[in-house]
Amino acid sequence: MKIQDTLSNIEQELDISKNVKIYLCGVTVYDESHIGHARTIIVFDVLRKYLENKGIGIELIQNFTDVDDKIINRAQAENSTAEEISTKYIENYFKDFDGLNVKRATNYPKATEHIDDIIKFIEKLIEKGTAYTSKNGVYFSVSKFPGYGKLSKKKTDELQSGSRIAVDEQKKDPLDFAVWKFSDTEPTWDSPWGKGRPGWHIECSAMSVKYLGENFDIHGGGRDLIFPHHENEIAQSESCTNSQFAKIWMHVGMVTIDGEKMSKSTGNVKSIKHVLENWGPNIIRLFCLSGHYSKPIDYSEELLKENLTKWRQVETCHYELVHANNENSEEITQMIKKLGIDFDNSLDNDFNTHLALSAFFQLVKETNKLAADEKLGKNNADEIKKELKRMQEILGLLIPEITDSEKEEIDELIKNREEYRKEKQFEKADKIRDKLNEMNIELIDHKNRTIWMKKERIKSQ
RNA sequence: GGUACUCUGGCAGAACGGUUAUGCGUGAGCCUGCAAAGCUUAUACAAGGGGGUUCGACUCCCUCGGGUACCUCCA
């Protein structure tokens, strides 16, 4: 599998001979998560599910930044504590992402629970002479790390001249960034240098090394983290360990609205909760995977609606397979195999989920075609089900479950309807159909049989 | 201002030098008691503008222009 690496700017082969170790920058827990967060995390969710499907072990570490100015500000505004705020939004996070059918990461380390590791990390940096203490805190000395700027392709002299940061005269160099900030505002921790809290970038360096070792396979996050966050992580980590940090840097493009980045400051955010209520997890996932992960995607109701149409096709396909009982069977082994290979090849080639989805929908379409032609035999159905299920699991698409008692009720109603139809009592027959519709059961009248499907309830329809 | 990315049919979106996929939408048809769903089929001057390299360019190079992101916290 090849993945485009932001650092080298070429496609790098992912080493799958052993467990694949992934560090994904998570969210700062001071507010609700939005669709932009969802996209990044869904992309990595599909990546890990794909690799797991191949039998490859995955270690996925995703942090929570739970100490940060924004959290503290929010706590003050709400007359609460930072811990209460972060706890609340971590709970909120899991609610959102469980709802999106995202598999839990191996571990979700929090910055506040790794203060010791962070302090040890800083101590090493100071020992090596790449960090220094000043009146306001401990700073990383950018000039001590010759590779600074290699990820974001920025030159340090240009950064300085274009810098709009208010210069802190305590810093030796305006580019230096804090790894420890002195502060008396809670939360604070004692450190060898003074009471305070860690800077933002240091937590990821410390925790990734702790959980994944000095060199791991993939470091991911949104494109907006390239600078300064990831650039600074590289500087800290490589200064500390003297070895290459992540092997592949994988960055996910932004979700935009009307071409503008979705962000809190712009105020154009769509919260996961809101979109989930209106569209459900499957459509959101299809939407997030509809373009190449590295490119931006524009959020719009139209695109969600398009994905709703596609999702209905998947549901139809699913139930055609469930109800398949035709005697005829076509020779379809080759077709299934080919689409399965197309699917995998697409993902192997820089994780092209759009093309993988094409293969998936082709299989859906082929199935529906067979069903329409009354050629979907039971053997065919079993064969297709297996591959379709594999793809669905990787993509994280879920067909709503149905209980046995529901089934019995539906079958009974359909039987009644059939009798009315035979007697040409269509009004009564239609009443039953309406009743089923209310239960979100849709009927499909084939030539000599009627099948049903349970449709996912989509509010925005 | 700097850096990176980007510009394909009504919309979305691929193919990283060799027939401009595919999906949505739209039109027509099949199926149906009627629907719905599904299927069939049709549809589109499609590559920002201008140069160049090449037998051949969406794909490479140059140039002009538009857009976005980052340069401050950001998935």
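Throughout, a chain's letter reflects where its sequence line sits, starting with A, and its residues are numbered from 1. Keep in mind the model is a prediction, meaning the values are calculated, not measured. Below, each value reflects all heavy atoms present in this structure, side chains not excepted, and no hydrogens, waters or symmetry copies.
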Check your understanding: Does A:Lys295 make a side-chain N or O approach to OP1 or OP2 of B:A14 shorter than 4.0 Å?
Key -> yes

Check your understanding: If you look at every strand shown and take non-hydrogen atoms under 4.0 Å, does A:Gly220 touch a base, only sugar-phosphate, or nothing?
Key -> nothing

**Study point:** A:Ile444 CD1 to B:G38 P, straight-line distance once rounded to whole Å
**Key:** 8 Å

Check your understanding: More 5' along RNA chain B: A:Ala38 or A:Ala429, using each one's nearest nucleotide?
Key -> A:Ala429

Review point. Can you tell me how far P in B:G48 sits from the matching atom in B:A15, rounded to whole Å?
Key: 16 Å

Check your understanding: With a non-hydrogen cut-off below 4.0 angstrom, is A:Asp430 in contact with a base, only sugar-phosphate, or nothing?
Key -> base

Point to revise | More than 12 heavy atoms from other groups under 6.0 Å of CD on A:Glu423 | key: yes

Practice item. Test for a donor-acceptor pair under 3.5 Å between the base of B:G38 and the side chain of A:Glu320, counting only N and O atoms. Key: no

Point to revise | Whether over 12 other heavy atoms sit under 6.0 Å from A:Lys95 NZ | key: no

Review point. P atom, B:C16 versus B:A21: distance in rounded Å?
Key: 14 Å

Review point. Nearest to the side chain of A:Glu306 - B:C5, B:C24, B:C39?
Key: B:C24

Check your understanding: Mind checking the C1' distance from B:G9 to B:C58? Whole angstroms is fine.
Key -> 14 Å

Check your understanding: Between B:U8 and B:G13, how far is it from one C1' atom to the other, in whole Å?
Key -> 9 Å

Review point. Base, sugar-phosphate, or nothing: which does A:Phe426 touch, judged by heavy atoms less than 4.0 Å apart?
Key: base

Practice item. Report which part of the nucleic acid A:His292 touches: base, sugar-phosphate, or nothing (heavy-atom distance under 4.0 Å, all strands). Key: sugar-phosphate

Study note, to complete from the structure: note: A:Lys155, atom NZ; B:G1, atom C1'; distance rounded to Å ~ 15 Å

Revision key, fill the gap. note: A:Asp31, atom CG; B:C73, atom P; distance rounded to Å ~ 19 Å

Check your understanding: For A:Gly259, which contact category applies under a 4.0 Å heavy-atom criterion: base, sugar-phosphate, or nothing?
Key -> sugar-phosphate

Check your understanding: NA contact type, A:Met262, heavy-atom cut-off 4.0 Å: base, sugar-phosphate, or nothing?
Key -> base

Point to revise | Nearest-angstrom distance from the residue atom CH2 of A:Trp311 to P of B:C24 | key: 16 Å

Practice item. Determine the interatomic distance between C1' on B:C7 and the same-named atom on B:C64; round to the nearest Å. Key: 14 Å

Review point. When you measure from the side chain of A:Lys424 to the backbone N and O of A:Arg421, does any donor-acceptor pair fall under 3.5 Å?
Key: no

Check your understanding: What's the shortest heavy-atom distance between A:Leu60 and A:Ala105, and which atoms?
Key -> O-CB, 3.4 Å

Practice item. Report the base-pairing partner of B:G48 (Watson-Crick or G-U wobble, both distances below 3.5 angstrom), or none. Key: B:C64

Review point. Mind checking who B:A15 pairs with, Watson-Crick or G-U wobble, both distances under 3.5 Å?
Key: none

Check your understanding: If only side-chain N and O atoms of A:Gln425 are considered, is one of them under 4.0 Å from the OP1 or OP2 phosphate oxygen of B:G33?
Key -> no

Review point. Can you tell me if CD on A:Glu427 sees more than 12 non-hydrogen neighbours from other groups inside 6.0 Å?
Key: no

Review point. For B:G38, what is the paired nucleotide under Watson-Crick or G-U wobble rules, both distances under 3.5 Å?
Key: B:C30

Revision key, fill the gap. Among the nucleotides B:C71, B:A75, B:A36, whichever has the atom closest to the side chain of A:Pro228 is B:C71

Check your understanding: Of all the choices, B:A37, B:G33, B:C16, which nucleotide is nearest to the side chain of A:Glu11 once you look at every atom?
Key -> B:C16

Check your understanding: Are A:Lys369 and A:Glu366 close enough, and set up right, to give a salt bridge (charged side-chain N to carboxylate O under 4.0 Å, His left out), and what steps lead you there?
Key -> CA-CA 5 Å; A:Lys369 203 187 288 185; A:Glu366 290 294 334; 3.8 Å; yes

Review point. Looking only at N and O atoms, is any donor in the side chain of A:Lys70 or the base of B:C73 less than 3.5 Å from an acceptor on the other one?
Key: yes

Check your understanding: Salt bridge check: are A:Asp45 and A:Lys49 linked by an N-O gap of less than 4.0 Å?
Key -> yes

Review point. Does OP1 or OP2 of B:A35 have a side-chain N or O of A:Asn437 closer than 4.0 Å?
Key: no

Check your understanding: So what does A:Lys154 hit on the nucleic acid, given a heavy-atom distance under 4.0 Å: a base, only sugar-phosphate, or nothing?
Key -> base

Review point. Tell me: OH of A:Tyr420 to P of B:A35, nearest whole Å?
Key: 23 Å

Check your understanding: In whole Å, what is the span from the CG atom of A:Asn268 to the P atom of B:A69?
Key -> 10 Å

**Study point:** Nearest-angstrom distance, C1' atom, B:C61 to B:G29
**Key:** 50 Å

Check your understanding: Between B:A75, B:G38, B:G33, which one does the side chain of A:Thr28 approach most closely?
Key -> B:A75

Review point. With rounding to whole Å, what would you report as the distance between B:G67 and B:G51 at their P atoms?
Key: 23 Å

Revision key, fill the gap. RNA chain B nearest-nucleotide lookup for A:Lys455 and A:Tyr30: closer to the 5′ end is A:Lys455

Check your understanding: What nucleotide, of B:C39, B:A4, B:A21, holds the atom closest to the side chain of A:Asp373?
Key -> B:C39

Check your understanding: Looking only at atom types and distance, does a side-chain atom of A:Thr450 sit under 3.5 Å from a main-chain N or O of A:His446, one as donor and one as acceptor?
Key -> no

Review point. Rounding to a whole Å, what distance do you find between A:Glu302:CD and B:C24:P?
Key: 17 Å

Check your understanding: Which listed nucleotide (B:C24, B:C16, B:U40) is nearest to the side chain of A:Asn349?
Key -> B:C16

Study note, to complete from the structure: Looking only at B:C24, B:G13, B:G38, the nucleotide nearest the A:Ala372 side chain is B:G38

Review point. Does the B:A37 base have a donor-acceptor partner in the side chain of A:Asn368 within less than 3.5 Å?
Key: no

Exercise for review: Using a heavy-atom cut-off of under 4.0 Å over every strand shown, decide if A:Leu24 touches base, sugar-phosphate, or nothing.
Suggested key: nothing

**Study point:** A:Arg104 to A:Phe94 six-membered ring, cation-pi geometry met (6.0 Å, 45°)
**Key:** yes

**Study point:** P spacing across the pair B:U22 / B:A36, given as an integer number of angstrom
**Key:** 26 Å

Study note, to complete from the structure: pair_partner(B:U72), Watson-Crick or wobble, both distances < 3.5 Å, evaluates to none

Check your understanding: Could you state the NZ-C1' distance from A:Lys261 to B:C70, rounded to the nearest angstrom?
Key -> 8 Å

Review point. Of all the choices, B:G23, B:C71, B:G33, which nucleotide is nearest to the side chain of A:Lys365 once you look at every atom?
Key: B:G23

Check your understanding: How is A:Val252 classified with respect to the nucleic acid when contacts are heavy atoms under 4.0 Å: base, sugar-phosphate, or nothing?
Key -> nothing

Practice item. Please evaluate the base of B:A35 for a donor-acceptor partner in the side chain of A:Arg433 within a cut-off of under 3.5 Å? Key: yes

Review point. B:G25 pairs with which nucleotide, Watson-Crick or G-U wobble, both distances below 3.5 Å?
Key: B:U43

